[in-house]
Amino acid sequence: MENAADSIILSVKDVSISFPGVKALDKVSIECRRGSVHGIVGENGAGKSTLMKILSGVYTKDAGTIVFDGQTIEHTTPVQALKRGLSIIYQEFNLVNTLTVGENIFLGRFSEMKGMRNIHKKARELLDSIGSTISTYKLVGELSAAEKQMVEITKALSFNSKLIIMDEPSSSLTADELKRLFSIIGDLRRKGVTVIYISHKLDEIFELCDIVTIIRDGKVIDTRPIGDLDRNEMIAKMIGREIENEYPARPHCAGETLMEVKTIRTRKLKDISFELKKGEILGFVGLVGAGRTEIIRAIYGADKAKELKIHLNGRPSNIKKPAQAIREGLSLVPEDRKLQGLVLPFSVQANITMACLKRITKFGFVNASREKDICDRQIKNLAVKTPSANTKAVKLSGGNQQKCIMGRWFEINPDILILDEPTRGIDVGTKYEIYVLIKEIAERGGSVIMISSELPEVLAMSNRVLAICEGRITGVFNPESDSAHDIMSAAIG
């Protein structure tokens with residue numbers, strides 16, 4: 001019979017680490033049991049990803065002990081961690097798009113696999129073991145987000161991993177893809193593989209996990225069996241205060257028509273037309289690939305359209321590129337913050353203030369004092385966790401990077417704010433703060449278009465909801481009176 005010590009695959013005791021200006025982890029202690037799914041939750045910047053990077057050898061701890069599979073780990077590298085059986089799947093995939101699936105799974109181990117035929121044969125066996133039908137010869141750059149997730153899991157299994165860390169694994173998955181991921185995690189658990197599951201989506205934590213650890217400000221606040229916590233208690237422990245409701249009251253201040261989209265036609269979109277009213281929050285609902293993002297990119301001038309007719313304030317608009325859209329009073333928080341939303345090598349301050357430089361520049365010189373005031377205001381408004389305004393954006397957690405983009409557009413108070421997955425990777429406390437800011441924009445007479453894969457978010461915040469399926473608008477709904485079932489039925493066709 002297995003004793004208590006043998007049942008522990010990972011023991012973290014009093015681990016601490018500091019970076020310039022911030023103590024990221026302060027005497028963190030966690031134990032993970034073999035064959036369990038251990039959830040880790042906390043606000044952005046709480047220290048979750050920092051701890052995972054220590055475990056996987058990206059960072060070196062300042063103090064504390066780590067014992068993995070009975071072996072004390074003092075110093076390690078990512079390669080050594082993999083060889084010991086500890087793998088991590090990051091929120092942003094660590095794959096090479098120009099190589100095949102098989103080559104990615106065994107990247108760096110070609111010689112020991114003794115030929116490309118063996119690589120694809122073994123990769124096929126591993127993919128079959130998790131029920132994936134992806135061709136091992138397909139280029140990774142041609143895969144969907146869900147398929148890339150399967151390749152990452154398969155790569156972890158190729159190292160005979162005993163513990164797999166999944167950092168926000170569901171952020172780009174549809175409902176059906178999420179079910180498949182849950183099924184794979186269930187199979188891993190039955191095979192004795194331990195999974196550490198990090199997510200801001202509390203429904204997933206309650207459905208998947210056996211035990212959960214709550215981290216706040218670099219410290220472990222609590223570790224409990226999932227059955228011993230309810231949702232409100234978990235949220236309160238994460239953010240250090242009670243939240244009575246996860247969403248603020250819906251604004252009811254829609255007025256006259258601000259934007260009329262008469263038609264959008266592209267290779268994917270078919271005769272899209274709708275109205276957006278002043279003071280309205282308009283939600284877009286649809287499956288990944290339905291055309292939601294394509295609609296707003298065409299409106300914003302980021303993508304070319306075969307036919308595009310838009311009226312703003314009753315006048316025809318001829319937006320051809322994003323710079324024109326900004327001048328017309330439109331702002332866009334894009335779906336992919338790293339590729340489309342941020343200049344990662346630039347500072348937090350530069351990323352937040354870049355949209356309003358014109359108003360603080362005179363004779364070609366930026367007013368440094370006003371620029372700092374703007375940055376400090378948005379850091380405070382959105383509780384951006386950063387050592388300083390001069391920290392490079394690439395150094396921030398994903399959620400804090402998203403806050404920088406939000407702060408950039410909140411500062412200029414646009415007439416129309418377009419939000420594409422605005423709270424992806426953002427903790428529940430900050431989500432509420434963002435919802436309040438969105439509501440304030442509507443109450444000031446601005447308009448918001450919100451695209452989100454989280455249906456409860458769209459239904460709770462929107463005045464009207466458009467269902468989009470295969471490049472068409474398939475229904476217009478009132479979320480206060482129409483059922484979620486009817487809305488999703490229209491969205492899936």
Please report the closest heavy-atom contact between [X] and [Y], naming both atoms and the distance.
X: S49; Y: D167; value: OG-OD2, 3.1 Å
X: C404; Y: L342; value: CB-CD2, 4.2 Å
X: P334; Y: Q340; value: CB-OE1, 3.5 Å
X: E294; Y: K268; value: OE2-NZ, 3.5 Å
X: R190; Y: S183; value: NH2-O, 4.3 Å
X: P479; Y: R464; value: CD-CA, 4.0 Å

Less than 4.5 Å apart, side chain to side chain, heavy atoms only: is that true for [X] and [Y]?
X: L437; Y: M406; answer: no
X: T100; Y: T136; answer: no
X: K201; Y: E454; answer: yes
X: I281; Y: P251; answer: yes
X: S462; Y: F477; answer: no
X: I30; Y: L51; answer: yes
X: I205; Y: I226; answer: yes
X: F68; Y: T76; answer: no

Start with the C-alpha gap between E457 and T423, add the side-chain angles, then the distance that decides, and say whether side chain to side chain donor-acceptor pair (under 3.5 Å) holds. CA-CA 9 Å; E457 177 175 82; T423 62; 2.5 Å; yes
Answer yes or no: is there a donor N or O on one side and an acceptor on the other, between the side chain of [X] and the main chain of [Y], under 3.5 Å?
X: Q402; Y: P422; answer: yes
X: Q149; Y: P169; answer: yes
X: K338; Y: L344; answer: no
X: T154; Y: L127; answer: no
X: Q378; Y: V384; answer: no
X: S56; Y: P78; answer: no
X: R250; Y: L459; answer: yes
X: T194; Y: G35; answer: yes
X: N104; Y: V96; answer: yes

Please determine whether the number of non-hydrogen atoms from other residues, nucleotides or ligands lying under 6.0 Å from atom [atom1] of [X] exceeds 12.
X: E433; atom1: CD; result: yes
X: K83; atom1: NZ; result: no
X: K270; atom1: NZ; result: yes

Working note: R408 + V333, criterion side chain to side chain contact (heavy atoms under 4.5 Å, CB included); need CA distance, chi angles, decisive distance, verdict. CA-CA 9 Å; R408 177 193 306 160; V333 176; over 6 Å; no
Rounded to the nearest 0.5 Å, what separation is found between the [atom1] atom of [X] and the [atom2] atom of [Y]?
X: L157; Y: K155; atom1: CG; atom2: NZ; result: 12.0 Å
X: F410; Y: K403; atom1: CZ; atom2: NZ; result: 12.0 Å
X: K237; Y: I221; atom1: NZ; atom2: CD1; result: 8.0 Å
X: L95; Y: E147; atom1: CG; atom2: CD; result: 12.0 Å
X: S87; Y: I196; atom1: OG; atom2: CD1; result: 11.5 Å
X: I295; Y: I264; atom1: CD1; atom2: CD1; result: 6.0 Å

Do [X] and [Y] sit within salt-bridge range, that is, some charged N less than 4.0 Å from a carboxylate O?
X: D210; Y: R33; answer: no
X: E74; Y: K61; answer: yes
X: R34; Y: D69; answer: yes
X: K385; Y: D217; answer: yes
X: K191; Y: D187; answer: no

Per the side-chain contact (heavy atoms from CB on, under 4.5 Å) rule, which among I165, I66, V67 passes with L10? I66
In a check of side-chain contact (heavy atoms from CB on, under 4.5 Å) between L25 and each of V220, D62, T50, D14, which one passes? T50
Trace of the salt bridge (Lys or Arg N to Asp or Glu O under 4.0 Å) decision for E152 with K148: CA-CA 6 Å; E152 286 279 23; K148 289 179 180 179; over 6 Å; no
When you compare the side chains of T213 and H38, does any donor N or O come within less than 3.5 Å of an acceptor on the partner? yes
Does a side chain donor of either T386 or N400 reach within less than 3.5 Å of an acceptor in the other side chain? no
Dump the intermediate steps for side chain to side chain contact (heavy atoms under 4.5 Å, CB included) on D420 and Y300, then the final yes or no. CA-CA 12 Å; D420 195 353; Y300 199 65; over 6 Å; no
Check the pair I17, V28 against side chain to side chain contact (heavy atoms under 4.5 Å, CB included), reporting the backbone distance first and the verdict last. CA-CA 10 Å; I17 187 172; V28 166; over 6 Å; no
Test log, rule side chain to side chain contact (heavy atoms under 4.5 Å, CB included), inputs R292 and S453: CA-CA 10 Å; R292 303 170 306 171; S453 299; 3.7 Å; yes
Measure the acute angle between the ring planes of Y197 and F182, then classify it against the limits of 30° and 60° as parallel, tilted or perpendicular. perpendicular
